Asker: 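Supplied in structure tokens, the structure appears directly below.
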Amino acid sequence: MIGTGSMAGGLLMWLWLWLLAGPGGAVWPQPQHVRVWPGSSSRLVPARFRFGYARDSAVGPGCAVLDQAFLRYWRLLFAAQRRPPEYEQLWEMSCNELLVSVTKPGCEDYPNMDSEESYKLSISEDSFLLTADSVWGALRGLETFSQLVGRAEDGTYYVNKTDIVDFPRFRYRGLLLDTSRHYLPVKAILETLDVMAYNKLNVFHWHIVDDPSFPYESAAFPDLSEKGAYNPITHVYTPNDVKLVIEHARLRGIRVIPEFDTPGHTLSWGPGAPGLLTPCYIGSKPSGAYGPVNPILNSTYQFMAVLFREVSTVFPDFYLHLGGDEVEFTCWLLDMVSSYGKGYVVWQEVFDNGVKVKPDTIIHVWKESVPYQHKMAQVTKAGYRALLSAPWYLNHISYGQDWLAAYKVEPLQFAGSSEQKALVIGGEACMWGEYVDATNLTPRLWPRAGAVAERLWSNETVRDLQDAYYRLADFRCKLLGRGIQAEPLFVGYCDHEYSRS
Amino acid sequence: MIGTGSMAGGLLMWLWLWLLAGPGGAVWPQPQHVRVWPGSSSRLVPARFRFGYARDSAVGPGCAVLDQAFLRYWRLLFAAQRRPPEYEQLWEMSCNELLVSVTKPGCEDYPNMDSEESYKLSISEDSFLLTADSVWGALRGLETFSQLVGRAEDGTYYVNKTDIVDFPRFRYRGLLLDTSRHYLPVKAILETLDVMAYNKLNVFHWHIVDDPSFPYESAAFPDLSEKGAYNPITHVYTPNDVKLVIEHARLRGIRVIPEFDTPGHTLSWGPGAPGLLTPCYIGSKPSGAYGPVNPILNSTYQFMAVLFREVSTVFPDFYLHLGGDEVEFTCWRSNPEINSFMKQMGFGQDYTELESFYIQRLLDMVSSYGKGYVVWQEVFDNGVKVKPDTIIHVWKESVPYQHKMAQVTKAGYRALLSAPWYLNHISYGQDWLAAYKVEPLQFAGSSEQKALVIGGEACMWGEYVDATNLTPRLWPRAGAVAERLWSNETVRDLQDAYYRLADFRCKLLGRGIQAEPLFVGYCDHEYSRS
């Protein structure tokens, strides 16, 4: 009865899953340089372990990004079994302390495209030291540290002597959620941000509105969600919700890039913005149906100017995603957004259609019909920066271990010069919402999106499928331990299975 | 950016999803006969509504199956917002009462293949009446009633004047869970049983052990789970767990058929039962690996006799599933003792003969315990002589299953269909449609042959499924199979099915079930992990 199943999973025999007793130490995504001394380990006692700032650190107590991360990771490590130590006593000696030293001051900013995410971790019997240029790098190092801690059979925690030097291969490591085809409760978005941080992903691309619904509550145009959301009370994102998402992301070193796709994909805008959409005709009479945004009316441009000014203010990231596929309208829109001091990402059609875009525009390559490698070559040849999503439409599911296909992708494998390759800023896993809502988002995303995360963070040479399987299966068990409903890769078990609480 | 997605869902335009305001009244699976008067409705006030037994009912208070169902459905209807009325006052008048009248006495039994599940529901402004031959039919009627109740914008509950005469098309409407490839916590199994009842499914096929792990805690052979489970403490089903599952199922009119698949699919049995599995050889030496159950040793049959006697007692259903599929011959072929036995028995090089030799003895043994059995189609394909009342489980997708259904029924055996319903096989888009379009009796055969098709079963094999993704992967997809097996053959309109299934899925969310969406849209109350 299960022959087909067994064959589909045949690449990796189930037998060696018995080995998966899940010791700490495997890290996902794989750091750039790791050296472990398995024989030499330190024990961690929850009540006597804490995170602290090193004396030479340019940031110290009061830095919300790290203060909160210390609390978070203490809880993740020790699963809320005991309360964390008093953080007021942070500078006193304690039994074990991970000392964090950040070179550059600054804690209040948002992460951006140029944020430095490298870090060094040095764990020995004498001391645990994490150094980073910026708080964002420190966050990445804390995540790595949390994955290094193992638990022995007797319940004690330990960490092996380890040296790690780590940095991301690509600076843009994104994930798209679609909150228009199905509304996603804020809680689901925040949890996704948590898991993104566990995977060292750093951009949340929020495809917030589209044809089916308009859940973004606009201050300037409240009718848009009042009339375009599935429900104007329960299925909307209030200004406060949006702030919550942005701050939750910031505290995890994640940027939020919202997408307001125009002039197509805007049917839900219609009810709340009379005259905005193009009336369709049958013969000489309006049919009652509507098409894309009407690009021939001045009122359209006035409307867009106000809406995008609002969006530019609400979302602090330098970049907006503008969607886009039609020439004239898009030209105007890009100019306008530039005038607000913003950069933009656009889907590849804007490039394909020959729209004149600023040189620093990011072209988002998504089409699977033409080999995407060809498009990557074209885009970078033209001097634009490229963002890859085509092979990473994770909403497309199939039977078996489909994380492998996502994992095997090599973003720089296209014909082009090294200058061209340097223009590839990274990639993005997309979880479009036709068939996805809060009921199935988490198991469909994780650990599958982890395959994309490792491809974008780790060294190009990290491609061993069997090793990746081990580490990803282990990482998935860690996710269960953190309460994340991440689905299994294949036959096997975790010490602590998922259980709805 | 989402062009491909939109096209994949193109069969059903998203636009009319706006219409899905989800009034009560749509029922899944579709009853055989329904008449609704939409203009004429009764209001239900939670504090003044209750379920009760009609005066002429052959069962009354004290019948656990119905007493508990009354509580359950009261809570499902009114979402625990208020506590249910005192059931001690059951015979007093109240504002609205659904009176249940059961013709045949009896409440303590287990449902079986011949259980009567028909019911009639008559809802008018004056009275709500549910009549059924047996408590099992009454359960089905209660589920239907619960789906008829709608909620108006102002929060009030109502039910339209409705007459329903309903009965299942097939008597076996099953669902398989696989607890060997991944362990499923008892809680996940119980929840699945709940949702099966919402779908009027009536057989839980428990594929409890297999190669990867042996979570069944045997009284006779505790070493099997001690050494064969993923973890002998946390990843096992204790005798108490098994009882809990069986009783939870019984209270919902669901049979539990356990499967102990042999002689293949038994690797996890090895550590706890030394000598049971065939040692594989490389050349003249044992390789250290093991193959299927060793069919040439008396000790094997002694072991099986004890184990299956236990299983026959623990599981009350008349039927056991004995597996018998996918036996891998490589190991048998490598083993010199097996080969000399083959020679001695005159089997030549035909290892299916050896497999049949084993299966034959196993079937005789289980028969002697007073049990019937279900076997996978290979047992039939290999020409094993089985009792005439054996159920052949058709699962292979390589040969058209219609051909196999014809063969099996032509030979006079009862057939159970699963081939088109491997729901573990997922694909992008609305794949419930393929499951829904299946017509189990669409094969070349006489009406006598068609009558031998007892039903079908949705299978959720566990290679890629555990408690993290079981529920959204099962529901509402398995609902497509449930309607095909319950409703009339003529119920095939895809658009109507889409409306009702999407509505039913919103109802499932309301009941706290993590059922995934069919397509773009929303429910008034979205899922939220509590």
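In what follows, chains are A, B, ... by sequence order, proteins preceding strands, each numbered from 1. Remember, predicted model here, so these are calculated numbers, not experimental data.
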Asker: Can you sort out the partners of B:E526 under side chain to side chain donor-acceptor pair (under 3.5 Å), two or more places apart, ordered by chain and number?
Answerer: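 B:E526 satisfies side chain to side chain donor-acceptor pair (under 3.5 Å) with A:H235 only.
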
Asker: Taking the ring of A:H321 and the ring of A:W347, is the distance between their centroids below 6.0 Å?
Answerer: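 A:W347 vs A:H321: aromatic centres under 6.0 Å.
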
Asker: Check whether B:S180 reaches the backbone of B:S213 with its side chain - one donor and one acceptor, N or O, closer than 3.5 Å.
Answerer: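 Yes.
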
Asker: What part of B:Q377 is in contact with chain A, defined as an atom under 4.5 angstrom from a non-hydrogen atom: side chain, backbone, both or neither?
Answerer: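 No part of it gets close to chain A.
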
Asker: So which part of B:A515 gets closer than 4.5 Å to some heavy atom of chain A, the side chain, the backbone, both or neither?
Answerer: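 Contact with chain A: backbone only.
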
Asker: Taking every heavy-atom pair that is under 4.5 Å apart, which of B:L470, B:V465, B:D466 has the most such pairs with chain A?
Answerer: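 That would be B:D466.
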
Asker: Between B:P517 and chain A, which part of the residue has a heavy atom less than 4.5 Å away: side chain, backbone, both or neither?
Answerer: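 The answer is both parts of B:P517.
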
Asker: Using heavy-atom distances under 4.5 Å, tell me whether B:L509 contacts chain A through its side chain, its backbone, both, or neither.
Answerer: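 Side chain of B:L509 only, per the 4.5 Å heavy-atom cut-off to chain A.
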
Asker: Among B:L508, B:T471, B:L474, find the one that has a side-chain contact (heavy atoms from CB on, under 4.5 Å) with B:Q514.
Answerer: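 Single side-chain contact (heavy atoms from CB on, under 4.5 Å) partner of B:Q514 among B:L508, B:T471, B:L474: B:T471.
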
Asker: Quick check on A:C430 against chain B: is it the side chain, the backbone, both or neither that has a heavy atom closer than 4.5 Å?
Answerer: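 Contact with chain B is absent: no heavy atom of A:C430 under 4.5 Å.
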
Asker: Run the ring-ring contact (aromatic ring centres under 6.0 Å, His included) test against A:H182 and tell me which residues pass, sequence neighbours left out.
Answerer: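 Expected list: none.
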
